[in-house]
Q: 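Sharing a structure here in structure tokens format.
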Amino acid sequence: MLLGLGLNLANSTVISAKWWQSLYDDPIMAADFRNNRYALNNSEDELSAVLANTRSSVKYIADIDGLYTLSPVNSLAINQLGLDISPALENISHYSNDATQWSVDGATISDPGVTVDMGAFTAKAADVVSNGAIWNRARFAFSSSFLNGTPFAIKIYYLSSTSGEVRIVFRDSGNGVESYLTGPVGNISLDTTDAGSVTQIRQTSFTSADGKTIYKFECLFTPNANSIGTFGIGPNSAVFGEGLRVVAGQVVVHPALTDSFILTSGSSVIQAADNITFVNPELYPISNTGTWFLKGQIRNPTTSADAFHMIRMRASASEDIQIYNGAVAGKLRTRITAGGIERADLVSDYTANQDFRYVCSYDVGNATSYYDSAQLQTGTPAALPTGAASIALGHDLASNNAFDGRIYDLVRWNTAKPNTFAQNL
């Protein structure tokens with residue numbers, strides 16, 4: 001019995017753990033980008049206390065519903081899908097969100113007076129009408145140089161088709177050959193690859209902000225010759241008067257599909273690279289033992305040997321910690337250099353365009369990395385780097401070797417977490 005003990009249970013206070021404490025066991029820093037929340041030094045904080053971005057252009061990124069959100073100049077591109085990081089990208093479609101300005105191959109193009117609310121911007125639709133030949137189409141990008149083996153990332157939006165069909169064509173004009181896809185609205189398939197390969201085909205549909213059903217087609221097209229070429233879309237109909245209502249298009253010379261859309265009006269436009277740095281790197285001293293946890297998705301292709309950096313902590317050329325691709329195709333590495341000597345080099349395969357979890361934990365005598373909870377490799381560093389370090393996210397400290405993808409969670413501890421902890425993240 002509790003009689004006479006003077007306990008006032010009704011007024012007792014239950015202190016619940018904060019989200020970063022329950023999820024991550026008291027890290028010094030935690031960023032949960034998909035839920036737009038951040039913690040620093042065991043208290044909720046503004047994102048500006050953690051990360052800063054220098055990007056000289058705006059950025060439109062697709063959200064979980066397919067619509068676009070605007071990231072202003074020098075801001076982080078964040079929505080429900082996480083933090084989007086990308087290198088500089090150039091859209092060579094000269095009227096990316098005004099299809100009434102597209103040129104034609106055999107077809108007739110007309111303005112139906114229809115606009116589409118894509119979220120953070122509006123697109124102007126056009127009708128591409130067949131004049132009696134199945135190949136009649138509009139060009140959603142002007143003539144461009146094709147380089148053998150250099151891929152284009154394609155993104156095209158359309159609404160409906162009176163023929164019920166769609167035809168997307170990549171034409172090598174110099175050699176008179178094509179790669180093209182045809183089929184029903186929302187479900188087109190590859191027919192021929194005479195002009196080059198067509199890979200990573202994605203087709204989705206969603207509802208615009210003003211209630212219209214939009215179809216989205218994406219792919220990588222990789223030419224098989226040096227030439228001049230065009231990019232087109234039409235109703236795939238030999239019936240005079242049948243048409244396809246198109247909305248917007250993007251063509252970027254890039255080896256991976258992108259989540260951003262670049263607005264153009266009469267000429268190509270470059271979306272600047274994200275250049276993200278840590279605001280207070282002294283909170284994560286390079287001389288400390290530590291653990292990094294990253295969760296997200298890598299778009300950089302596994303076939304590329306070009307280096308990309310996810311985290312770079314550098315005090316000097318002799319004192320350095322890198323989580324990066326390291327100029328080895330398809331590899332993710334953690335490399336620790338101290339006193340000018342490589343102390344650990346932990347290497348694993350990674351899979352592009354799939355969610356990943358990566359953990360690196362290190363102290364003197366032990367370094368361990370994990371990819372998707374499977375232990376990758378261990379090292380026994382005899383020393384750790386020292387000195388005041390600069391820290392970058394998604395590039396090296398010279399703003400090169402750009403990471404391309406999304407980060408969902410970014411967490412840092414100034415202690416080396418045990419193996420069992422890392423495996424359960």
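One-based numbering along the sequence shown.
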Q: If I take atom CZ from residue R55 and atom OG from residue S71, how far apart are they, to the nearest 0.5 angstrom?
A: 3.5 Å

Q: Please table the atom pairs, donor to acceptor, closer than 3.5 Å between any side-chain atom in residues 225-233 and protein atoms at least two apart or in another chain.
A:
residue : atom : partner : partner atom : Å
N226    : OD1  : N148    : N            : 2.8
S227    : OG   : D172    : OD1          : 2.4
S227    : OG   : G174    : N            : 3.3

Q: Going through the checks in order, is the ring-ring contact (aromatic ring centres under 6.0 Å, His included) test met by Y68 and F121?
A: CA-CA 7 Å; Y68 284 90; F121 65 87; 5.4 Å; yes

Q: Side-chain contact, heavy-atom cut-off 4.5 Å: I311 with L393?
A: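 Yes - at least one pair of side-chain heavy atoms lies under 4.5 Å apart.
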
Q: Under 4.0 Å between a side-chain nitrogen and a carboxylate oxygen: does that hold for K295 and D355?
A: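 Answer for the salt bridge query: no.
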
Q: Whether R34 and D409 form a salt bridge (side-chain N of Lys/Arg under 4.0 Å from carboxylate O of Asp/Glu) is what I want to check.
A: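 Yes, this pair counts.
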
Q: Under 3.5 Å, is there a donor-acceptor pair linking the side chains of Y408 and D32?
A: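 Side chains of Y408 and D32: no pair found under 3.5 Å.
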
Q: Please enumerate all residues that pass side chain to side chain contact (heavy atoms under 4.5 Å, CB included) together with D345, with sequence neighbours excluded.
A: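 R333, R335, E342, V347.
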
Q: Going by the ring-ring contact (aromatic ring centres under 6.0 Å, His included) test, name the single residue among F308, F356, F403 that passes it with Y350.
A: F308

Q: Using the rule given for ring-ring contact (aromatic ring centres under 6.0 Å, His included), can you reason through F170 versus F221, listing the C-alpha separation, both sets of side-chain angles and the distance that settles it, and then say yes or no?
A: CA-CA 8 Å; F170 311 121; F221 166 61; 4.8 Å; yes

Q: Holding to side chain to side chain contact (heavy atoms under 4.5 Å, CB included), I want the full list of residues that pass it with D259, two or more places apart in sequence or in another chain.
A: D84, R299, R406

Q: Run the salt bridge (Lys or Arg N to Asp or Glu O under 4.0 Å) check on R312 and D320 step by step: do they pass?
A: CA-CA 8 Å; R312 186 72 185 267; D320 198 14; 2.7 Å; yes

Q: With a 3.5 Å distance limit and no angle check, can you tell me whether Q203 reaches the backbone of I188 through a side-chain donor-acceptor pair?
A: yes

Q: Does W292 have any ring-ring contact (aromatic ring centres under 6.0 Å, His included) partners at least two apart in sequence or in another chain, and if so, which?
A: F278

Q: Ion pair present between R37 and E46, side-chain N to carboxylate O less than 4.0 angstrom?
A: no

Q: Have N53 and D274 got a donor and an acceptor in their side chains that come within less than 3.5 Å?
A: yes

Q: Sequence neighbours excluded, which residues qualify as side chain to side chain contact (heavy atoms under 4.5 Å, CB included) partners of A273?
A: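 Partners of A273 by the side chain to side chain contact (heavy atoms under 4.5 Å, CB included) criterion, ordered by chain and then number, come out as A88.
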
Q: Do NZ/NE/NH1/NH2 and the carboxylate oxygens of R167 and D191 come within less than 4.0 Å?
A: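 A salt bridge is absent here (no side-chain N lies under 4.0 Å from a carboxylate O).
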
Q: So, taking the atom named CG in N353 and the one named OG1 in T302, what distance separates them when rounded to the nearest 0.5 Å?
A: 9.0 Å

Q: If the condition is side-chain hydrogen bond (donor to acceptor under 3.5 Å, both in side chains), which residues does H254 pass it with, not counting sequence neighbours?
A: D404

Q: Is the number of heavy atoms from other residues, nucleotides or ligands within 6.0 Å of NZ (K18) greater than 12?
A: no

Q: For a ring-ring contact (aromatic ring centres under 6.0 Å, His included) check, start with the C-alpha distance between F146 and F152, then their side-chain angles and the critical distance, and finish with the verdict.
A: CA-CA 9 Å; F146 282 10; F152 293 92; 5.6 Å; yes

